[in-house]
Amino acid sequence: LLGKLQHAVMDVHFDTAGARIWFDVQTSELVLGLHPDKFSNDPKISSYMRRKLAAAGPFLTDEERSFVAMGLRDALMHLIVECDTNTVHCTLLEFLIRAAFTWHARQERKEREALTSQEPETVPIAEDDSPEAFVAQMFDEKTFQHSMTAADFQAHMERFTKLPKEKTVILRNAFLKNRATRPV
């Protein structure tokens, strides 16, 4: 019971640390949420609704939105220029986003284990560094249970840009192969 309570407290902690972005697995969309300027100055929205929307925050600032955009730009630059990608599939954006959330899920799991000083959870694919296992985790819905900050997203995109060309190409190809077998 105590262990379950500790996990619940940590889940709340990891999900409430400021403005967050998340990945919607049903629509394959990166969700940034409302921009505060969209509703705070809209004369069509009642003051009551503005207060309700404001309470739903925190919202990503323009600076945090820039973190997301710069991270994606750098990762796409790495794929296209440094990895000599000749065909840019629309699914490459999904690949980058899923990779960031997979790295984030692995990082959060390690942090949880360190905080509770418990034995590592037995998740068969989480720590396997094979491209197939990493890609399998990219399609596991548990990977996307938690959101992340824009700064975390940019850091994971930066991690992607530091992957060697060979590993990047292997991951990309494994992702495209796995993605082709899934319903659209």
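- Taking Ile, Leu, Val, Met, Phe, Trp and Tyr as hydrophobic and joining them when side-chain heavy atoms fall under 4.5 Å apart, one finds Val31 in a cluster with Trp22.
- Phe175 places a side-chain heavy atom less than 4.5 Å from the side chain of Glu94.
- The main-chain N or O of Leu79 is found under 3.5 Å from a side-chain atom of Thr85 such that the two form a donor-acceptor pair.
- Residues satisfying the salt bridge (Lys or Arg N to Asp or Glu O under 4.0 Å) criterion with Lys162, sequence neighbours excluded, are Glu158.
- With respect to Pro131, the side-chain contact (heavy atoms from CB on, under 4.5 Å) criterion is satisfied by exactly one of Asn173, Asn178, Ile170: Ile170.
- Considering only heavy atoms from C-beta on, Thr168 stays 4.5 Å or farther from Glu82 through its side chain.
- For residues 66-75, there are no side-chain hydrogen bond (donor to acceptor under 3.5 Å, both in side chains) pairs, not counting sequence neighbours.
- Met70 belongs to a hydrophobic cluster with Phe67, counting contacts under 4.5 Å between side-chain heavy atoms of Ile, Leu, Val, Met, Phe, Trp and Tyr, direct or through other members.
- With rounding to the nearest 0.5 Å, the separation of CD1 in Ile80 from OG1 in Thr87 is 11.0 Å.
- In this structure, the side chains of Met148 and Trp103 stay at 4.5 Å or more apart for every pair of heavy atoms.
- Residues Phe153 and Phe23 place their aromatic rings such that the two centres sit no closer than 6.0 Å.
- Of the candidates Leu30, Val25, Asp24, Asp24 is the only one forming a side-chain contact (heavy atoms from CB on, under 4.5 Å) with Thr27.
- Distance CG/Asp152 to CD/Glu108: 8.0 Å, rounded to 0.5 Å.
- A distance of 11.5 Å separates OG1 in Thr143 from NE2 in His104, rounded to the nearest 0.5 Å.
- Put simply, the side chain of Val68 does not reach to within 4.5 Å of the side chain of Gln154, judged on heavy atoms.
- A distance-only check finds a donor-acceptor pair linking the side chain of Ser130 to the backbone of Ala133 [under 3.5 Å].
- The aromatic rings of His78 and Phe160 sit perpendicular to each other, their planes meeting at more than 60°, with 30° as the lower class boundary.
- Glu64 pairs by the salt bridge (Lys or Arg N to Asp or Glu O under 4.0 Å) definition with nothing, not counting sequence neighbours.
- Residues satisfying the salt bridge (Lys or Arg N to Asp or Glu O under 4.0 Å) criterion with Asp84, sequence neighbours excluded, are Lys165.
- Figure legend: Arg182 and Phe139 shown as a cation-pi pair, the cationic atom lying under 6.0 angstrom from the six-membered ring centre and within 45 degrees of its axis.
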